[in-house]
Structures are given as structure tokens and as C-alpha cells.
Number of protein chains: 2
Amino acid sequence: MQMDERKQKVLWAIIQDYVSTAEPVGSRTLARKYDIGVSPATIRNEMSDLEEMGYIEQPHTSAGRIPSDFGYRYFVDCLMQREALQEYQRQQIRHTLIDKLQEVNMLMQQTTTILSQLTNYTAIVLGPQVGKTTFQRIQLIPIQPNKVVVVVVTSAGIMESRIIDVPDSVSADDLQLVADLINSELAGQTMKQVRNSLYRNLSQLLKKQKQVLVQSLELIDQAMQAEREEQVYLAGTLNIFKQPEFKDVEKIQNLLGILEEHDLVRNLLRGVESEGVSIKIGTENHHEGVRNCSMITATYQVDGEVLGVIGLLGPTRMEYSKSLAVVENLTEQLSVALKRLFGR
Amino acid sequence: MQMDERKQKVLWAIIQDYVSTAEPVGSRTLARKYDIGVSPATIRNEMSDLEEMGYIEQPHTSAGRIPSDFGYRYFVDCLMQREALQEYQRQQIRHTLIDKLQEVNMLMQQTTTILSQLTNYTAIVLGPQVGKTTFQRIQLIPIQPNKVVVVVVTSAGIMESRIIDVPDSVSADDLQLVADLINSELAGQTMKQVRNSLYRNLSQLLKKQKQVLVQSLELIDQAMQAEREEQVYLAGTLNIFKQPEFKDVEKIQNLLGILEEHDLVRNLLRGVESEGVSIKIGTENHHEGVRNCSMITATYQVDGEVLGVIGLLGPTRMEYSKSLAVVENLTEQLSVALKRLFGR
DNA sequence: TGTTAGCACTCAACTCTTGAGAGTGCTAAC
DNA sequence: GTTAGCACTCTCAAGAGTTGAGTGCTAACA
């Protein structure tokens, strides 16, 4: 059997209707609401064909049809007309990102929030991957007798800090010495490189300040550890409740549970194309907890280098066109904002 | 009508049973499962009295009785026997808090998590109130030409950081000058005092480095702003799903919505006694979204000064005795851990 | 006078039935 | 190839009947 123009028209209409009503679509409805130009009976025949071809399915005998994952896939690949973003939405994004650009964390959180607001789905963003950013400086700041704050700064402006205890015998000069040493040895290296040269080159150099040194290095190590796992930002998790397919408590609990496990979320987003926009529909997702969800993801980059991913999680019955427009525009503007923040 | 010993016995049994089963309790059940020593008929009479006195109520005519908020209140005040924590739970708390004490954030998050795990309710913790901690240092760390990381450290080891742009004309020495100036002027003052003396004393001192100075002060200001609002830590929000009284999607959505609004959460916890342990039952809570919840809260302190609150949110049908034991022990151990971290 | 057994009554929850409504597939006619 | 007509299927909602848990009242009992 062949996909012809009328079949496309019918499939398009079915998806259109189902996306907006969440109810199975019957032949009469299609004939009435959409301009297909043939009678319900003919549409029925076409629908029967479409079902046989796998594009749509019937929840039960006497109900209308709903699109299958395969049907959505065809829609996304062949039928969907690209939508441009409304000017006011574009504006809204620009506003949100420009105001907050002083700090990466805030910028990412804002990005996530605006994404969920504009789409009414759940937004997931993976923060800049810092294996690629470089170690910049360590700073030892005495705050009380015997107490020192250690701050690790990366080129992304992300940092880890910790209070450590030091023995009386360590003076402010000693601290400076340690800091200078670490800084001169390691500055500008990527986190991976730091990790490699860390213990080899440094640990035998100092005796007296050993404890401080060790603890500082531990923190750097930890910073790397922590940041190898990209930060997960979430927003609009409660938008799930708006979807009629999630009126069931179990399903909501399930999905919220997954979203709480940031490791899972990371894996979910990592499993997509290495660059650019990707749409995963229903069972195309590897994780089985999101088999009835679709995910639109896009990478963002600075100076041509992919830094992270932004993603949108909704029901398979998703407004693909609109959502895609938002995701695309947002990555673009996010990339710009990030470049301003720490691009070369 | 007077509360006598037998009525107490009956009320106690009703609460006991309802807390564990979540089903209305009938007279037969009571006679069978609890050792009251009289027949169901007599118990019925007592229950009738208890209802008249307001301690219990009937969801509908042909159902058993359930405790009213007033009944729980009487239970908590007069009937409940204090429970000691199991040794292994005590241990578990100690373990959790000792390992992580390098950093306030982590410590607080761990506290919250262990609280929810031990109780199976939702744990809410307000981070140390920093209006009372003092400004310690500011540090300006150049990371790239024209870019400086500003770090503000408070005595609590909490900090705010930001990347700012500086003009070419500002040298490393200039930065040092600004930092030294701010540090010498403001170090050791409480955040409130800093706020007051900030613009008055400093802004006219420098010309060339004015921009850096202004932006640094802005950050300090912001740090104060941000930290006047204590950090909210949550854990076990999904425990709500375990409670049969929340099998309704609307109610869950409602509660999760409230928990997402940290301002609301703060208000909720602030509305309790200024010191020590407090139990708020159902309608005793001011916020109407938690009218069918109970909250156990306790303040934690260092050197006699109240720093924050830890709280437990569950259904009114709560295991008050057990939960209370956990909350009390946890505040105690948290106070110790915090004292080690930044006590005098 | 307090306690208990017995009994009529109430009400939610469950099951079963029924009818309406939406939708389909098939057939025959156009 | 398209359409009208019709029998059929299945869900959903409403209604009726039944069951079971629980109560309140009354009268008898210790």
C-alpha cells in the first residue's frame, strides 16, 4: 500500500485533532471539522488503510483512531510545517536571558524556566559540560583562626567551595604559598588534565603545608568529580498534571520519580544525537519510564563546541511544531548568552 | 461531660488504629483488637460521648469514627507516650551528619534527606539564618583579561559569587586595593550592619576603581538579599504519594505546588514557635493548603542562638510519637554538627 | 446505676443491568 | 472509486439491587 496525498491529509487531520483534544478521532469528526473533501465512509476506508500501515491505532473497537508513535514520526518528518516563533515569545526569551547573565547557574535555571513556561511541558537542561572547561584558580581564604575557605574557580565561573580546618602551625604565608603553587602548576588546564597531573607532580613538593595541600587537592578533585556530572536543571515538572494522559496517580508518581533521579535524567538526555536538534517519540526513548512521552532536545554550543543539552519532555501527543520552534530559538539565544559569559 | 480514664483508653485506641489503617474505626474493631474490657455496645456509648465532646467525628452515618484535629491535639498533649529512637536510627543520623560536615549546603541537604527517610514523610529544612552571621571577606579573582570572579564569604561559609567585567584600565593591584578596602572596612560585621554602612562609608573613597567597587558592593548587597531569605531544603516530597489521603490527584498537585513555592514554605515554617519543638495539627496551620496536614517543627541552634528550623510535613494521621523522636534527635545532632562547623 | 444483647436503621460500596452514543466494517448502489 | 445505509461492537454513565459495616435505641440484666 502506498501513502498518497489524501492519506497524508487524513493522517495530518487525525494528529491535529488528537493533539488538541486528547480524544480518539472518528471519521465523522474528521469530515466535519477538516476540509478533506470526501464523505466519512471514504475516510473510514483511508483510516483502515492507515491503521494497516501502522500510522494509527484503535484503543478499542468502537472508538476512533489515535496516532501511533510511527504516525507521529511520519508527521514530524514529512507533514509538519515549521512554525516561526511569535515575536513576543522571542522577546520574552531575550529578556529573560539578558537580565540574568552574570552567573551561569542563574542563567541555566532561567533558561529552563522560560522553556517550560513557553511550552507548558517539563523542561530539562544539562548544564555546561565542564570536562572541557579549564581549571582557573584556587583561592585559600582564612576566615577564622584555624579555618580556611577553599574556593576553586573554573573558566566557566563555576566553583566549588569548602571550609577546611588547618593546624595552628600553618600561617597565612603558608596558605599563599600553597595556593600560588597549585595555581602556577595547574592553571589553564582542562579538568581532565588537572586530574591526571594532580598527585603525580605536586604531592611531594611540600611538607609543612601538606595537610592544606592535600585537602585543597581533594576539593579540586571533588570539583571535577561533581562537575563531570553536569548539573541538571528542571522546571515545570508539575506541568505533567495538565496532561490528561497523566490523570492516573501511578503514572505521575512514576514520572516524577524519574525526574528526581538526576542520574537517570542525565542518561536520558545523553542518549540523543551528539549535535543539533533531535526528537524522540514514545518508544524511541530508551528509558522505559518515558515510553509514553516524547522528548525534543537540542545541544547548545560556544565557539563551535557542544557544551550541553536542553530538552523538553511532554506526552507523545505533543505540539511538535510549536515546541520545536521554542527549543531551537532558545538554544540559539542561550549559546549567545553563554558566549558573552565565557567565550574566547 | 468529663474525660475519664475509659474515654481516654477508647480515644487512644481509635487514634492508634486509624493512624495505622487509615480506615474509620468501629466499636466492634476496637473491642476486638484493643484491650478495653467492655463490650462494643459500651464502647459505642463512649464513642458517642467523645464525638459530642469533639474529639472524634463520623465521615458519614454508617461509618466508624475518625479522630478530629482536636482529638489529635488531646492525644499529643495528654495521651502520647514519648518514644525513644531506635539505636540504629540514632547511628544512622550520626553517620549521615558526620561524613558530610565539610560544607553547610551539603550538611543541610543530608539532614533533610535523612529526616524524610526515617519518617517517610516530607522533610523541610530552613538553612541557617544569615542575618546573624557576619560578613567575612570579599575576594576578587581575575580569571581572564577583563573578567573577575567576585566571591563573598560569610562566617557561615556560605558564599555568593559572580563574574563581572572590568575595564582594561583596572589592574590586578587595583583589584587588590578594592578588596583590601572592603575587607578592612566591613569584615566581622553582621549582614545587617554591612547593609547599613555600605554606601555611606565607601562609595566616595575611590575613583578609578569605582566600577569594580560598585559591582562588588552590589554583589555583597545581593548576597545579603539572597541570604536574608533562608535556603529551603526539601526531601521526600514524593512520600506524599504513599498516603492514602492523597490518592486524589488534585490534592497532590496542590501540595506539590505549595512545596515548589519556597516563599510559601518559608512562611509556613516561620509561623511556628520561636524556639524548641512545635506540633501544628491540621487547621492549626495558617496556610490553607496544608489544612489536612500536620507539621512537626524544631529549631536548631549554635551557642544558644536559633539559626533555623527543621520540619516534617505529613497527614494529620501521622505517627506523632515516632516522628517527634526523630525530629528531636536530629535537631540535637544537627546543632552539634553545625557548632563544629562554625561555632565559636 | 452502669453494662450488655438485640434489633431496626443508615449509608457507602459493589455488582449487574440497561440504554445512549460514538464509531466501525461491510455491502450494495451510484 | 465513492457513498449511503445498516448491523454490530464497545465504552460510559445512570440506575437498581445487594451486601456489609456500623450506629443508636431500648429493654433486660447484675
Side-chain angles (χ1 to χ4, degrees), chain A residues 1-11 13-15 17-18 20-68 71 244-245 247-248, chain B residues 1-11 13-15 17-18 20-68 71 244-245 247-248:
Chain A
M1 213 171 316
Q2 270 281 324
M3 185 60 114
D4 57 25
E5 199 181 331
R6 196 169 63 191
K7 281 191 181 48
Q8 288 189 334
K9 226 176 188 171
V10 172
L11 179 56
I14 290 176
I15 291 183
D17 203 74
Y18 185 64
S20 66
T21 66
E23 296 290 330
V25 193
S27 52
R28 266 182 65 91
T29 317
L30 285 181
R32 216 180 324 114
K33 286 171 63 178
Y34 299 86
D35 184 29
I36 304 188
V38 292
S39 78
T42 310
I43 295 180
R44 274 206 286 286
N45 290 330
E46 297 290 21
M47 286 169 90
S48 181
D49 290 353
L50 284 171
E51 181 165 11
E52 196 174 328
M53 294 157 79
Y55 293 111
I56 58 180
E57 45 198 32
Q58 234 176 338
H60 54 263
T61 339
S62 71
R65 306 302 215 290
I66 61 176
S68 66
E245 34 269 272
K247 71 177 197 302
D248 180 14
Chain B
M1 213 171 315
Q2 271 281 324
M3 184 62 112
D4 57 26
E5 200 182 331
R6 197 169 64 191
K7 281 191 180 50
Q8 287 188 335
K9 226 174 187 171
V10 172
L11 178 56
I14 291 175
I15 291 183
D17 203 75
Y18 185 63
S20 66
T21 66
E23 295 290 332
V25 194
S27 54
R28 265 182 66 90
T29 318
L30 285 181
R32 217 181 323 114
K33 285 171 61 179
Y34 299 85
D35 184 30
I36 304 188
V38 292
S39 78
T42 310
I43 294 180
R44 275 206 287 285
N45 290 330
E46 297 291 20
M47 287 169 89
S48 180
D49 290 352
L50 284 171
E51 180 165 12
E52 198 175 325
M53 293 157 80
Y55 293 112
I56 57 181
E57 45 199 31
Q58 235 176 337
H60 54 263
T61 338
S62 70
R65 308 300 216 291
I66 62 176
S68 66
E245 34 269 272
K247 69 178 199 304
D248 181 14

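Every heavy atom of this structure was used, including side-chain atoms; hydrogens, water molecules and symmetry mates were not.
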Could you name each residue pair satisfying ring pair (Phe, Tyr, Trp, His ring centres under 6.0 Å) that touches residues 37-60 of chain A, not counting sequence neighbours?
->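 Only A/Tyr55-A/Phe70, A/Tyr55-A/Tyr74 qualify under ring pair (Phe, Tyr, Trp, His ring centres under 6.0 Å).
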
Residues from residues 48-61 of chain A lying under 4.0 Å of DNA chain D - heavy atoms |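 Nucleic-acid contacts, sorted: A/His60, A/Thr61.
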
Rounded to the nearest 0.5 Å, how far does [atom2] of [Y] lie from [atom1] of [X]?
{"X": "B/Ser20", "Y": "B/Ile15", "atom1": "OG", "atom2": "CD1", "result": "12.0 Å"}
{"X": "B/Arg65", "Y": "B/Glu57", "atom1": "CZ", "atom2": "CD", "result": "10.5 Å"}
{"X": "B/Ser48", "Y": "B/Ile43", "atom1": "OG", "atom2": "CD1", "result": "13.5 Å"}
{"X": "B/Leu30", "Y": "B/Ile36", "atom1": "CG", "atom2": "CD1", "result": "5.0 Å"}
{"X": "A/Ile66", "Y": "A/Glu51", "atom1": "CD1", "atom2": "CD", "result": "10.0 Å"}
{"X": "A/Met47", "Y": "A/Thr42", "atom1": "CE", "atom2": "OG1", "result": "12.5 Å"}

Heavy-atom pair with the smallest gap, counting every atom of B/Pro59 and B/Ala63 =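 B/Pro59 and B/Ala63 have their closest heavy atoms at CD-CB, 4.3 Å.
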
Span of DNA chain D in contact with chain A (heavy atoms, under 4.0 Å) |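 Reading along DNA chain D, I get D/dT2 to D/dT11.
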
Among A/Arg32, A/Arg44, A/Glu46, find the one that has a side chain to side chain donor-acceptor pair (under 3.5 Å) with A/Ser27.
->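 Exactly one option meets the side chain to side chain donor-acceptor pair (under 3.5 Å) with A/Ser27, and it is A/Arg44.
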
Round to a whole Å and report the spacing from CD of B/Gln2 to C1' of C/dG2.
->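 Those two atoms, CD and C1', are 18 Å apart.
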
So what stems show up for DNA chain C if we need 3 or more Watson-Crick or G-U pairs in a row, all under 3.5 Å?
->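 Paired runs of 3+ in DNA chain C: C:1-30 with D:1-30.
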
A/Glu23: salt bridge (charged side-chain N to carboxylate O under 4.0 Å, His left out) partners, not counting sequence neighbours =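 Here no residue qualifies.
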
Sub-4.0 Å heavy-atom contacts from residues 33-47 of chain A onto DNA chain C, ordered by number =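 When residues 33-47 of chain A is checked for heavy atoms under 4.0 Å from DNA chain C, the hits, listed by number, are A/Arg44, A/Met47.
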
Should the heavy atoms of other residues, nucleotides or ligands under 6.0 Å from CG of B/Asp4 be counted, would the total exceed 12?
->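 It does: B/Asp4 CG has more than 12 such atoms within range.
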
Do A/Leu50 and A/Met3 have side chains that get closer than 4.5 Å, going by heavy atoms?
->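 With C-beta onward as the side chain, the pair touches.
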
